[in-house]
Amino acid sequence: MAGIEATTAGRLLFTDADCVPPPGWAGAMLGALEQADFVAGYAPLVPRTTLLGKVAALEAAANAVTAEAMVGLGNPLMCSARSMGYSRRAYEEAGGLEPHLHEPSGDDTLMMQAVHRSGGRVRYVPQPAVPGRGPSTLAEWTRQKRRHLSTWRRFSIPATVAGLVVRSMDVLVVLGVPAALLGLVGAAPLWAFGFKVVVDGAGLTWGLGRLGERSLLTALPLLELVHSPLVLVSAVRGAFGVPPWK
């Protein structure tokens with residue numbers, strides 16, 4: 001916010017302090033801003049030399065596929081500050097960053113949603129991507145997910161409904177699949193989980209192709225097993241108290 005107030009530029013681009021945008025990134029984002037008020041870009045995670053690194057990278061890429069899809073559907077849901085931009089006019093009409101100063105995370109997503117609510121146009125720019133450092137330990141990943149998902153408390157009603165629809169199958173995985181395996185209910189949750197895996201795989205095969213990330217699909221089986229519990233637990237924990245940054 002201090003940087004925005006220190007410049008008179010009409011178009012503003014953002015990345016994280018530990019990121020290095022590739023050649024062509026600024027041009028692509030500024031070009032998209034000629035037809036939009038807010039632009040969100042792809043921000044993959046690296047390195048991918050460990051199993052955790054691959055799973056976290058796939059989850060970030062899957063979120064990017066969802067983010068681009070929701071922009072296309074006219075209900076922007078999330079973005080990453082590692083690669084985004086907006087016009088000063090949109091920033092001012094959306095109320096600036098002042099309303100989000102007390103939040104530990106999510107000012108990027110909340111600003112995008114505010115711009116959309118104020119009538120601004122949102123576009124997604126998949127390439128060039130801006131890589132960011134992924135979690136090095138499972139504990140770091142869970143803390144990061146708790147911080148990120150704490151933002152849902154500030155979502156508008158349409159964005160909250162969209163998020164619930166996107167993540168509705170997680171309840172089935174966490175509650176229905178164990179109940180079916182224990183014989184407490186019939187096999188319907190297992191069939192539904194299998195259907196989810198097939199649909200996820202098909203959707204990500206197409207979506208990751210647009211991002212040039214289909215090689216990450218090798219980590220899909222493990223991500224399917226751990227992601228639903230991670231998301232639900234992190235969302236519940238993030239709703240109570242202020243999650244730490246690190």
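- Arg11 contributes no side-chain N or O that, together with a main-chain N or O of Gly85, makes up a donor-acceptor pair within less than 3.5 Å.
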Apply side-chain contact (heavy atoms from CB on, under 4.5 Å) to Val71 and Phe38, showing your working. CA-CA 11 Å; Val71 168; Phe38 188 109; over 6 Å; no

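- In the hydrophobic clustering of ILVMFWY residues, with side-chain heavy atoms under 4.5 Å counting as a link, Leu110 and Ile4 come out apart.
- At distances below 3.5 Å, at least one donor-acceptor pair connects side-chain atoms of Ser118 with backbone N or O atoms of Val115.
- Within the 3.5 Å criterion, the main-chain N or O of Met70 finds no donor-acceptor partner in the side chain of Asn75.
- Contact record, His116 with Val122: CB-CG2, 4.3 Å, taken as the closest heavy-atom pair.
- Summarising the geometry of Val55 relative to Trp141, their closest heavy-atom pair is CG1-CH2, 3.8 Å, with the distance given to 0.1 Å.
- A donor-acceptor pair under 3.5 Å is formed between the side chain of Arg48 and the backbone N or O of Leu45.
- The closest side-chain heavy-atom distance from Leu222 to Leu58 is not below 4.5 Å.
- Here the closest non-hydrogen pair linking Leu220 and Gly201 is CD2-CA, 3.7 Å.
- The minimum heavy-atom distance linking Gly132 with Arg82 is given by the pair CA-CD, 3.8 Å.
- For Arg88 (side chain) and Leu12 (main-chain N/O), no donor-acceptor pair under 3.5 Å exists by modelled atom type.
- If you take CZ on Phe193 and CG on Leu181, they are separated by 9.5 Å, rounding to the nearest 0.5 Å.
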Test log, rule side-chain contact (heavy atoms from CB on, under 4.5 Å), inputs Leu232 and Val173: CA-CA 10 Å; Leu232 287 182; Val173 175; over 6 Å; no

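- Within the 3.5 Å criterion, the main-chain N or O of Asp170 finds no donor-acceptor partner in the side chain of His227.
- Judged by distance alone, the side chain of Arg123 and the main-chain N or O of Val39 form no donor-acceptor pair under 3.5 Å.
- Side-chain contact between Glu224 and Asp200 is present, with heavy atoms from C-beta onward closer than 4.5 Å.
- If you chain together hydrophobic residues whose side chains sit under 4.5 Å apart, Leu216 and Val65 fall into the same group.
- The cluster map of Ile, Leu, Val, Met, Phe, Trp and Tyr, joined by side-chain heavy atoms under 4.5 Å apart, puts Leu77 and Leu73 in the same cluster.
- Applying the side chain to side chain donor-acceptor pair (under 3.5 Å) test to pairs two or more places apart or on separate chains, those with a residue in residues 15-30 are Trp25-Ser83.
- Taking 4.5 Å as the limit, every side-chain heavy atom of Phe14 sits out of range of all side-chain heavy atoms of Val130.
- Formation of a donor-acceptor pair under 3.5 Å by the Thr109 side chain with backbone atoms of Cys79 is found in this model.
- Closest approach of Pro126 to Leu211, counting heavy atoms only: CB-CD2, 3.7 Å.
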Decide side-chain contact (heavy atoms from CB on, under 4.5 Å) for Met111 and Tyr91; before the verdict, give the C-alpha distance in whole Å, the side-chain angles of both, and the deciding distance to 0.1 Å. CA-CA 8 Å; Met111 176 57 66; Tyr91 170 80; 3.9 Å; yes

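- Looking at heavy atoms from C-beta onward, Leu101 lies in side-chain contact with Met1 at the 4.5 angstrom threshold.
- Judged by distance alone, with hydrogens and angles left aside, the side-chain atoms of Thr66 form a donor-acceptor pair with the main-chain N or O of Ala62 at under 3.5 Å.
- Hydrophobic clustering places Val197 together with Val177 (ILVMFWY residues linked when any side-chain heavy atoms are closer than 4.5 Å, directly or through intermediates).
- Closest heavy-atom contact between Tyr42 and Ala60: CE1-O, 4.5 Å.
- Between Leu208 atom CG and Arg210 atom CZ the span is 11.5 Å, to the nearest 0.5 Å.
- Counting only distance, with no hydrogens or angles, the side chain of Arg121 and the backbone of Gln35 share a donor-acceptor pair below 3.5 Å.
- For the atom pair CZ (Arg143) and CG (Leu138), the distance works out to 10.0 Å, reported to the nearest 0.5 Å.
- To the nearest 0.5 Å, atoms OG1 (Thr218) and CG (Leu51) are separated by 9.0 Å.
- Within 6.0 Å of the NZ atom in Lys145, the count of heavy atoms belonging to other residues, nucleotides or ligands exceeds 12.
- A single hydrophobic cluster is seen to contain both Leu204 and Val226, as judged by linkage of ILVMFWY side chains at heavy-atom distances under 4.5 Å, directly or through other members.
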